[in-house]
Novice: 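Once you've had a glance at the structure underneath, I'll fire off some questions.
Residue numbering restarts at 1 for every chain, and letters A, B, ... go by the order of the sequence lines. What's counted below: heavy atoms across the whole structure, side chains too, no hydrogens, waters or symmetry copies.
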Amino acid sequence: MSAAPSPAPAPPDDEAPRYRYGATLANEIEGRWQDRWEAEGTYHAPNPSGELSGGFERVAGRPKLYVLDMFPYPSGVGLHVGHPLGYIGTDVYARYKRMSGHNVLHAMGYDAFGLPAEQYAVQTGQHPRVTTEANIATMRRQFRALGLGHDDRRSVATTDIGYYRWTQWIFLQIYHSWYDPEAGRARPVAELVAELESGARLAVDDEHPEGRPWSSLSAAEQRAFVDDHRLVYRDEAPVNWCPGLGTVLANEEVTPDGRSERGNFPVYKRPLQQWKMRITAFAERLLADLDLIEWPERIKAMQRNWIGRSVGARVDFPLAHDPSTAIAVFTTRPDTLFGATYLVLAPEHPLVGELVAGSWGDADPASWRGAGLAGVVEGVPASGWGSPMEAVAGYRRYASSRSDVERQVESRVKTGVFTGAFAVNPTTGEHVPVFVADYVLMGYGTGAIMAVPAHDQRDFEFSAAFGLPVVGVVRPPAVWFAEHGLEADTRASAWPEAFTGDGVHMASANEGVSLDGLATAEAVAAVNTWLESVGAGEATVTYRLRDWLFSRQRYWGEPFPVVYDEDGLPVALPESMLPVTLPEVDDYTPTVVDDDRLPEPPLGRAKEWAEVVLDLGEGPRTYRRELDTMPQWAGSCWYYLRYLDPGNEAALVDPDVERYWMQGSTQERQPAFGGVDLYVGGVEHAVLHLLYARFWHKVLFDLGHVSTPEPFQRLYNQGYILADAFTDERGFPVEASAVVADAEGGFSFEGRPVRRELGKMGKSLKNAVSPDAIAAEYGTDTLRLYEMAMGPLDADRPWSGRDIVGVHRFLQKLWRNLVDEETGALRVDDRAPGDDLRRTLHRTIAGVRADMEGLRFNTAVAKLIEANNALTRTLAQAGAGARAPREVAEALVLMLAPLAPHVAEELWARLGHATSVVWTELPTADPALLVDEEVELPVQVAGKVRARVRVGAGADEAAVQAAVLADEAVQAALAGRAVRRVVMVPGRLVNLVV
RNA sequence: GCCCGGGUGAUGGAAUGGCAGACAUGGUGGCCUCAAAAGCCACUGUCCGAGAGGGCGUGCGGGUUCGAAUCCCGCCCCGGGCACCA
């Protein structure tokens, strides 16, 4: 079906009727209609204005509908039958909606930056653009061959210079914005500067520029302050460095076991200056607005989980030796503050260097000095380090050397060292020791915790290892003591583990506040009030979400529209200098300088590009370009907006056009929040693409470039197609198509036995089935229909080469009912159908419409098969030469059209219509024909069906009851027992309770 | 450990409080055919029964209800997500 079709199998043609619907005829029909659709622009969806507005008057009265697929990465190996499942689903839905009076936008593009093309380039020297464009051409051919009704004028690839120019433009918009916490939205940086200059604003979020008035700052200080508040900023921080991919990665791209999502390579922490996007500023809105959108609960749950909102308090612990400095900790259990017996800082915490003491105290145990690390960390004496300074420095080296994998895999033994410093518990005034330990993470909360070993399991374990006091301040219930085999009210120091549940507070009172006797929630409120009143802290909210690391050390991505001046400070290029295009390089490999430093990105090889003389307002100067590129997610953050207005060179999308397609969903929901009406894709993007795209969309919304707060109103996850995969004795997959079944029910590959398992279809399991081969054997319409019929769209399902003949037979039978297989003549006439057939037809119409509306294509197909079987029976009963009633034939063809558009077009044309079925209205069901004149009611006696009684559809309850009681079978089932009660479900059943 | 899904014939699945197993595959029998099938017809949850008919049946155990695959409680199994996030 594509450029190199596998030869159609020789049809059993010698004797098969010439006009039987088989592969040969199907393929001929399909090719012909695909050509015609393309020539006639059948799938063009007009915009309300602008260059794509031709023909809008034809659809001006229709509601709009925007149906979107997660666009693919154009891989070199082409599609397998698992890929198009979602694409066929959206195509059927889009066609159904168009046939029920909507102006439907359905387009397809290519997420074409990315690693495989670059890796291929490294190996072969072939420019990634060459491979990418060849792959796109292949994929486009395959989509066309599947009969997908995309508006091909709107196709974009993220690698198109005309496209990534706008990706860079959006980057600049974000760069030139800051998040105003009072307004709760992104605003232009220019407004911040104006407010600071005028004195209308003194600070951002209580943070004063250098603690001094704006006017007293130097130009460099002002610039640094502004840069610190941009939504895109440079940050020096430990990042996820993945040598296997040669780049750093965002947190979202690293799996829980510390490996890369793509490729499964180990990931290490390295401190590095990188671009980040301030997605954390939007954490609350990204969380709250999940309530506005219709997404699967599990996807919302994953995003909520990832954002990780926790409510708690910031508490300041002044240093014992320097009360002017305080350690701010974040805790979700401020109610346990009286039980805090030590503090722990993350190894990277900035205060560590400041507070570390000169020498150990006499009483400091060896474990506090790092003795536990002797033998684990090189150079640690058996009694620990000689001084806190050495211990902290040594521990920091140790902690930074451990990869995430190691921290994960090594059992969670708590390690750490004492800093020699003490802090003051603000409730008790007691001095508590301050430790450094890597179980506290710098990136979360304040990077410091108060440890309450009695009521937190992690702190409990640490306290056990370091001999720290355990003070209970929440009394566990009696059952807790019983479960642990303890006497009631055993002291916390003798507990086997922390008690983390709710309980009654105790030992928690000072002159200002008493929590004693309070339950957890009340205690939290009371202590928060007290903390604020004495200025020792406040209730706060913290998020797990981190800022988005946006730099990649790769070639095949969008260049940053940023240069560095002679001070090494970044300068954004003006819009007029866009696009910044990728330079040619002779080698796509990163340059490795030495093992400790990160490799220099491939763009560094383009020497004459990397250094550039520009006039950025201060006369021509030499600048150094940013050599990193953007992550692949950048291009996919906004492609759904570009489909709307792909050729616009003045704006990323015309506001009129954007409002038309994005605003005011046409669905029945109230209120409508807008966005894409239906977005279908795999579940694997739950916290990557879908989170990033929401973030960018919100920035664009705040800045007035789009009109809806969310990009995707309704999200639907299609399932995966699974297939048998076979592994050899080493556990490696072997080519599934070459496996043969042996006599004993086992399987073998090249004579060796292999094991069968079910897995996601794809390259890695070597179990891919090509759509081209299926189309050659049965036709594309059969493939489409089969994919829709095999189960609900959101369910994973195993591919079965066996079952597919079922839907093929259906198409063949339908064809035969309408067309003479020998002569090709129409077997339809204008006589009205019989009453039964007509009622069947109208029930089918109602059912198919409802099923398609709810994306239940599998049951829609079943209903069409039933209707066709009813037609077949009718024709058989009428005897030789019977003809199908046109009324039934046309309705069936129209209902089939969204699912199997080629054969439907062909039949529609043969039925004498000159216009495409694509733009024909679907039939509507006549409600009068949905109820039978007479219904057969099952009659239950004592809850079991014992008889069936035919009654008129309009019969009242008394009449039905009389008919039921008069029935012989009912009387036999009753066997003389008295009926105590009669339950009537109108039109459904009768239940006699005895 | 916590949070989501899910468990129905030989198989994919239907039924979301009212006839369990729609539709399809496979299987069995028959028709057509020299022979065949991507053709046509019938049967096909399971057990008892020659049959009529009956018993049992939606992972397991309990409950609510006239009535439960469906709702509730407890458990088992499978899949996915999260997990040193204070």
Novice: Is the ring pair Phe462(A)/Tyr439(A) parallel, tilted or perpendicular, if the boundaries are 30 and 60 degrees?
Specialist: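 Tilted: the ring planes of Phe462(A) and Tyr439(A) meet at 30° to 60°.
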
Novice: Just how far, in rounded Å, is P of G80(B) from CG of Leu722(A)?
Specialist: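 Going from CG in Leu722(A) over to P in G80(B) covers 11 Å.
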
Novice: Nearest whole angstrom, please: distance from the C1' of G1(B) to the CD of Glu497(A).
Specialist: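 Interatomic distance, CD of Glu497(A) to C1' of G1(B): 12 Å.
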
Novice: For Ser800(A), which contact category applies under a 4.0 Å heavy-atom criterion: base, sugar-phosphate, or nothing?
Specialist: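 No contact at all - Ser800(A) keeps every heavy atom at 4.0 Å or more from the nucleic acid.
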
Novice: With the threshold set at 4.0 Å, does a side-chain nitrogen-carboxylate oxygen contact exist between Lys863(A) and Asp851(A)?
Specialist: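 A salt bridge is present here (some side-chain N lies under 4.0 Å from a carboxylate O).
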
Novice: Using atom CG of Asp851(A) as one end and atom C1' of G13(B) as the other, report the distance to the nearest whole Å.
Specialist: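 Result: 14 Å.
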
Novice: To the nearest Å, give me how far apart CZ (Arg802(A)) and C1' (A38(B)) are.
Specialist: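 Going from Arg802(A) (CZ) to A38(B) (C1'), I get 15 Å.
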
Novice: Taking His685(A) for its side chain and Gly681(A) for its backbone only, find out whether a donor-acceptor pair lies under 3.5 Å.
Specialist: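 Looks like no, no N/O pair under 3.5 Å.
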
Novice: What is the nucleic acid contact for Arg816(A), judged by heavy atoms within less than 4.0 Å: base, sugar-phosphate only, or nothing?
Specialist: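 If one applies the 4.0 Å heavy-atom cut-off, Arg816(A) turns out to touch the sugar-phosphate alone, with no base involved.
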
Novice: Please report the distance, rounded to the nearest Å, between CH2 in Trp799(A) and C1' in U25(B).
Specialist: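 Rounded to the whole Å, the gap is 14 Å.
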
Novice: Look at all strands and tell whether Asp459(A) reaches a base, only sugar-phosphate, or nothing, counting heavy atoms closer than 4.0 Å.
Specialist: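 No contact at all - Asp459(A) keeps every heavy atom at 4.0 Å or more from the nucleic acid.
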
Novice: Can you tell me how far C1' in U65(B) sits from the matching atom in C72(B), rounded to whole Å?
Specialist: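 It works out to 12 Å between them.
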
Novice: Using 30° and 60° as the class limits, which term best fits the ring planes of Tyr444(A) and Phe330(A): parallel, tilted or perpendicular?
Specialist: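 The arrangement is perpendicular - the two ring planes meet at more than 60°.
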
Novice: Between C3(B) and C75(B), how far is it from one P atom to the other, in whole Å?
Specialist: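 One P to the other, the span is 12 Å.
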
Novice: When you check the phosphate oxygens OP1 and OP2 of G81(B), does a side-chain N or O of Arg304(A) lie under 4.0 Å from one of them?
Specialist: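 Indeed not, no polar side-chain atom of Arg304(A) lies that close.
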
Novice: Between C82(B), G55(B), C19(B), which nucleotide gets closest to the side-chain atoms of Arg946(A)?
Specialist: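 Looking only at heavy atoms from C-beta outward on Arg946(A), the closest nucleotide is G55(B).
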
Novice: Base, sugar-phosphate or nothing for Ser310(A)? Non-hydrogen atoms, less than 4.0 Å.
Specialist: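 If one applies the 4.0 Å heavy-atom cut-off, Ser310(A) turns out to touch the sugar-phosphate alone, with no base involved.
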
Novice: In whole angstrom, give the distance that lies between atom CG of Asp796(A) and atom C1' of G81(B).
Specialist: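 To the nearest whole Å, that distance equals 14 Å.
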
Novice: Go through residues 863-872 of chain A and report each residue with a non-hydrogen atom lying under 4.0 Å from RNA chain B, sorted by number.
Specialist: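 Those residues whose heavy atoms fall under 4.0 Å from RNA chain B, taken from residues 863-872 of chain A in numerical order, are Ile865(A), Glu866(A), Asn869(A).
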
Novice: For G5(B) and G30(B), measure between their C1' atoms and round to the nearest Å.
Specialist: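 So the two C1' atoms sit 46 Å from each other.
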
Novice: Which part of the nucleic acid, if any, lies within contact of Arg298(A), taking any heavy atom under 4.0 Å across all strands shown: a base, the sugar-phosphate backbone alone, or nothing?
Specialist: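 Here Arg298(A) touches the backbone only, sparing every base.
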
Novice: Does any non-hydrogen side-chain atom of Glu866(A) lie less than 4.5 Å from one of Leu864(A)?
Specialist: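 Leu864(A) does not reach Glu866(A) side chain to side chain.
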
Novice: Tell me whether the OP1 or OP2 atom of G12(B) has a side-chain N or O from Asn858(A) closer than 4.0 Å.
Specialist: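 Negative; the distance criterion is not met.
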
Novice: Base, sugar-phosphate, or nothing for Pro792(A), non-hydrogen atoms under 4.0 angstrom?
Specialist: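 The residue Pro792(A) makes sugar-phosphate contact but no base contact.
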
Novice: Does either side chain, that of Asn767(A) or that of Asp724(A), offer a donor lying less than 3.5 Å from an acceptor on the other one?
Specialist: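 No.
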
Novice: Start at the 5' end of RNA chain B and walk down; is the nucleotide closest to Ala789(A) or to Asp456(A) reached first?
Specialist: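 Taking each residue's closest nucleotide, the earlier one in sequence belongs to Ala789(A).
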
Novice: Output the rounded distance in Å from NZ (Lys300(A)) to C1' (C3(B)).
Specialist: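 Nearest whole value for this atom pair: 16 Å.
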
Novice: Whole angstroms only, please: what is the CD1-C1' distance between Ile299(A) and C82(B)?
Specialist: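 That distance rounds to 14 Å.
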
Novice: Suppose you measure atom C1' in U33(B) against the same atom in C40(B); what distance do you get, rounded to whole Å?
Specialist: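 Pairwise C1' distance, U33(B) against C40(B), rounds to 12 Å.
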
Novice: Does G6(B) fall in syn (glycosidic angle within 90° of 0) or anti?
Specialist: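 The base of G6(B) is oriented anti (glycosidic angle more than 90° from 0).
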
Novice: Compare the minimum distances between each of C19(B), A22(B), A86(B) and the side chain of Ala862(A), then state the nucleotide with the smallest one.
Specialist: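 It is A22(B).
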
Novice: Nearest of G26(B), A38(B), G67(B) to any side-chain atom of His808(A)?
Specialist: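 Given the options G26(B), A38(B), G67(B), the side chain of His808(A) is closest to A38(B).
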
Novice: For the C1' atoms, the ones on C71(B) and on U16(B), what distance do you get once it is rounded to whole angstrom?
Specialist: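 10 Å, rounded to whole Å.
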
Novice: Quick one: on RNA chain B, does Gly806(A) or Lys813(A) contact a more 5' nucleotide (nearest heavy atom)?
Specialist: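 Nearest nucleotide further toward 5': that of Gly806(A).
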
Novice: Using the salt bridge (Lys or Arg N to Asp or Glu O under 4.0 Å) rule, collect all pairs that involve residues 296-316 of chain A, keeping only residues at least two apart or in two chains.
Specialist: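 For residues 296-316 of chain A: Glu284(A)-Arg309(A), Asp291(A)-Arg304(A), Glu297(A)-Arg304(A), Arg314(A)-Asp316(A), Arg314(A)-Glu538(A).
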
Novice: Looking at the side chain of Arg20(A), which of C66(B), C84(B), A37(B) is the nearest nucleotide?
Specialist: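 Nearest to the side-chain atoms of Arg20(A), counting from C-beta on, is A37(B).
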
Novice: Considering only the C1' atoms, how many Å lie between G59(B) and G79(B), rounded to the nearest integer?
Specialist: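 Approximately 15 Å lies between the C1' atom of G59(B) and that of G79(B).
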
Novice: For the C1' atoms, the ones on U70(B) and on A14(B), what distance do you get once it is rounded to whole angstrom?
Specialist: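 Roughly 13 Å separates the two C1' atoms.
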
Novice: Counting C-beta onward and ignoring hydrogens, is there a side-chain heavy-atom pair between Phe317(A) and Leu337(A) closer than 4.5 Å?
Specialist: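 Result yes, sub-4.5 Å side-chain heavy-atom pair found.
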
Novice: Tell me which nucleotide among A86(B), C4(B), G81(B) gets nearest to the side chain of Ile449(A).
Specialist: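 Nearest nucleotide to the side chain: A86(B).
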
Novice: Would you write out the dot-bracket form of RNA chain B, 5' to 3', with Watson-Crick and G-U pairs under 3.5 Å, [ ] for crossing pairs, | for pairs to other strands and . for unpaired bases?
Specialist: (((((((..(((.....[....)))((((((.......))))))((((....))))..(((((..]....))))))))))))....

Novice: Describe the nucleic acid contact of Arg809(A) in one word from base, sugar-phosphate, nothing, applying a heavy-atom distance below 4.0 Å.
Specialist: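 Sugar-phosphate contact only - Arg809(A) comes under 4.0 Å of backbone atoms but never of a base.
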
Novice: I'd like to know if Asn305(A) reaches the base of C82(B) with its side chain, counting only an N/O donor and acceptor under 3.5 Å.
Specialist: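 Looking at the base of C82(B), it does not pair with any donor or acceptor on the side chain of Asn305(A) (distance under 3.5 Å).
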
Novice: Determine the Euclidean distance between corresponding C1' atoms of U8(B) and C23(B); express it in Å to zero decimal places.
Specialist: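 Looking at atom C1' only, C23(B) and U8(B) are 16 Å apart.
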
Novice: Are Tyr786(A) and Ile774(A) packed together at the side-chain level, in the sense that at least one heavy-atom pair is separated by less than 4.5 angstrom?
Specialist: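 A side-chain contact under 4.5 Å is absent here.
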
